[in-house]
Enquirer: 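My questions all concern the structure below.
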Amino acid sequence: MKRSRLALASLLSAVALALVADPVAAQSSVSAELISQLNNKLLYIAVPITLLVEGILIYTVYRFKNTDEAKPTQENRRLEITWTVATAVILLFVGVASYGVLANENVTFQSGEQEVAPDGDDVVVDMEAFQWGWRASYPQEDVQLSSTSPTVVIPKGQDVYFNVTSSDVLHAVHVPELGLKQDAMPGQSNVIKTVALEEGTYQGYCAEFCGVAHSQMYFEVQVVSQEEYRSFLNEQSESAGDIEADDDVVREHHESVARSPIRA
């Protein structure tokens, strides 16, 4: 009985530690920070459970290695109540911690229930996927990027909304370091929201197998200061007249893909 109480106390201590612990490393975005915090909390629970189960397994193998016939286990109500309560506490903690992250708009933005870009300084980026590239634009600024493997520039410390869709088959926007991932579906717009915390360039790609050149669907997200972001928009606006028509850009992209080796 002392062992079971010790096990329960260890698990409850792990739960308490997870509630007050914060990750040390700085995160690149609010979305990535929320996901990282949840992963760390679940890890604090998973490690002692794993050690406890493996310890019981090793003890059982060693203790009964020379037993020829298995004997039925005697009923122990206190032990059964103990592990039932411990399991309930763990599941309750996991449920509460997960809901706190999954209900956050920076992880699961619900465009039908929440307003897109309610503040004047909020940034909206349209990301339209096609086989096999991206059309990126800033509808509020009437700016469209000419590249089919664009570098999307966003400001640090500002709410950014990515409006994701597809013009043909299923695709998916994924920027792992920023904690961003969203399906791109034909005829449907899905919105993801985040706030970038660290300046830098982050790799993005298509995370849904979409055909022969799927592995070449890359883009970048560059996080800059507010001043650099405004300068970028001004430069794009001034060069808008030199941007080729969408059909020409897409045609050149298809020709480039056809000439390039397919990367696994």
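These values consider heavy atoms only, across backbone and side chains, with no hydrogens, waters or symmetry-generated copies.
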Enquirer: Looking at every heavy atom in both Glu128 and Ser167, which two are closest together, and how far apart are they?
Expert: OE2-CB, 3.1 Å
Enquirer: Please check: side-chain N/O of Thr194 versus main-chain N/O of Ala196, any donor-acceptor pairing under 3.5 Å?
Expert: no
Enquirer: Which value, rounded to the nearest 0.5 Å, describes the distance between Leu42 atom CG and Asn39 atom CG?
Expert: 6.5 Å
Enquirer: Do Asp183 and Asn190 have side-chain atoms, one donor and one acceptor, less than 3.5 Å apart?
Expert: no
Enquirer: Hey, does Tyr229 have a side-chain heavy atom less than 4.5 Å from the side chain of Val153?
Expert: yes
Enquirer: Would you indicate whether the side-chain heavy atoms of Pro155 and Gln226 approach each other to under 4.5 Å?
Expert: yes
Enquirer: On a heavy-atom basis, which atom in Asp168 and which in Pro186 lie closest, and how many Å separate them?
Expert: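 Distance-wise, the nearest heavy atoms are O-CG, 3.0 Å.
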Enquirer: Without swapping roles, check the side chain of Gln140 against the backbone of Val124 for a donor-acceptor pair under 3.5 Å.
Expert: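 Checking the backbone N and O of Val124 against the side chain of Gln140, a donor-acceptor pair under 3.5 Å is found.
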Enquirer: Would a distance-only check, ignoring hydrogens and angles, find a side-chain to backbone donor-acceptor pair under 3.5 Å from Ser137 to Pro139?
Expert: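 Checking the backbone N and O of Pro139 against the side chain of Ser137, no donor-acceptor pair under 3.5 Å is found.
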Enquirer: Does the side chain of Gln158 reach to within under 4.5 Å of the side chain of Asp122, using non-hydrogen atoms?
Expert: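 Gln158 reaches Asp122 side chain to side chain.
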Enquirer: Below 4.5 Å, heavy atoms only, C-beta onward: do Val224 and Gln222 meet side chain to side chain?
Expert: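 They are in contact (side-chain heavy atoms under 4.5 Å apart), so the answer is yes.
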Enquirer: Quick check for you: to the nearest 0.5 Å, what is the distance between Ile154 atom CD1 and Leu178 atom CG?
Expert: 6.0 Å
Enquirer: Look up atom OG1 in Thr82 and atom CZ in Arg77, then write down how far apart they are to the nearest 0.5 Å.
Expert: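 Between atom OG1 of Thr82 and atom CZ of Arg77 there are 14.0 Å.
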Enquirer: If you take all heavy atoms of Trp134 and Ala172, which pair is closest and at what distance?
Expert: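 Closest approach of Trp134 to Ala172, heavy atoms only: CH2-O, 3.7 Å.
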Enquirer: Write down the atom of Pro48, the atom of Leu43, and the distance for their closest heavy-atom approach.
Expert: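 Residues Pro48 and Leu43, closest heavy atoms: CD-O, 4.4 Å.
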Enquirer: Measure the shortest side-chain to side-chain distance between Asp159 and Lys193 over non-hydrogen atoms and say whether it is less than 4.5 angstrom.
Expert: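 Side chain of Asp159 against side chain of Lys193, heavy atoms only: contact under 4.5 Å found.
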Enquirer: For Asn106, does its backbone N or O pair with a side-chain atom of Ser31 as donor and acceptor, under 3.5 Å?
Expert: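 Looks like yes, one N/O pair under 3.5 Å.
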Enquirer: Start with the C-alpha distance between Tyr205 and Ser215, add both sets of side-chain angles, then the distance that settles side-chain contact (heavy atoms from CB on, under 4.5 Å), and finish with yes or no.
Expert: CA-CA 8 Å; Tyr205 56 87; Ser215 62; over 6 Å; no
Enquirer: Yes or no on side-chain contact (heavy atoms from CB on, under 4.5 Å) for Gln182 and Met127, after CA distance, side-chain angles and deciding distance?
Expert: CA-CA 11 Å; Gln182 183 59 272; Met127 293 290 292; over 6 Å; no
Enquirer: Enter the distance from Phe130:CZ to His171:NE2 here, rounded to the nearest 0.5 Å.
Expert: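 Taking CZ in Phe130 and NE2 in His171, the distance rounds to 8.5 Å.
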Enquirer: What closest approach, in Å, do Val143 and Leu233 show between heavy atoms, and which atom pair accounts for it?
Expert: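 Answer, listing the atom of Val143 first, then Leu233: CG2-O, 4.3 Å.
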Enquirer: Nearest heavy-atom pair of Glu177 and Ala32: which atoms, and what distance?
Expert: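 Heavy atoms of Glu177 and Ala32 come nearest at O-CB, 3.7 Å.
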Enquirer: Is the shortest side-chain heavy-atom distance between Ile56 and Thr60 below 4.5 Å?
Expert: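 A side-chain contact exists here, since the closest heavy-atom pair is under 4.5 Å.
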Enquirer: Could you tell me whether the side chain of Thr151 and the main chain of Glu220 form a donor-acceptor pair under 3.5 Å?
Expert: no
Enquirer: Calculate, to the nearest 0.5 Å, the distance between atoms CG and SG belonging to Leu170 and Cys210 respectively.
Expert: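 The SG atom of Cys210 is 9.5 Å from CG of Leu170, to the nearest 0.5 Å.
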Enquirer: Looking only at side-chain N and O atoms, does Ser231 offer a donor or acceptor that is under 3.5 Å from a partner on Glu228?
Expert: no
Enquirer: Verify, without hydrogens or angle tests, whether Asp119 (side chain) and Asp121 (backbone) share a donor-acceptor contact under 3.5 angstrom.
Expert: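 Checking the backbone N and O of Asp121 against the side chain of Asp119, no donor-acceptor pair under 3.5 Å is found.
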Enquirer: Would Glu75 and Glu80 count as a side-chain contact (heavy atoms from CB on, under 4.5 Å) here? Give the steps.
Expert: CA-CA 9 Å; Glu75 180 180 2; Glu80 292 177 1; 4.3 Å; yes
Enquirer: With the threshold set at 4.0 Å, does a side-chain nitrogen-carboxylate oxygen contact exist between Arg230 and Glu141?
Expert: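 A salt bridge links Arg230 with Glu141.
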Enquirer: When you look at Val123 and Tyr161, which way does the side-chain contact (heavy atoms from CB on, under 4.5 Å) test go after all the steps?
Expert: CA-CA 6 Å; Val123 178; Tyr161 298 79; over 6 Å; no
Enquirer: Can you establish whether the number of heavy atoms outside Tyr99 located under 6.0 Å from its atom OH is more than 12?
Expert: no
Enquirer: So, taking the atom named NE2 in His174 and the one named CZ in Phe219, what distance separates them when rounded to the nearest 0.5 Å?
Expert: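 Atom-to-atom, His174:NE2 and Phe219:CZ are 9.5 Å apart.
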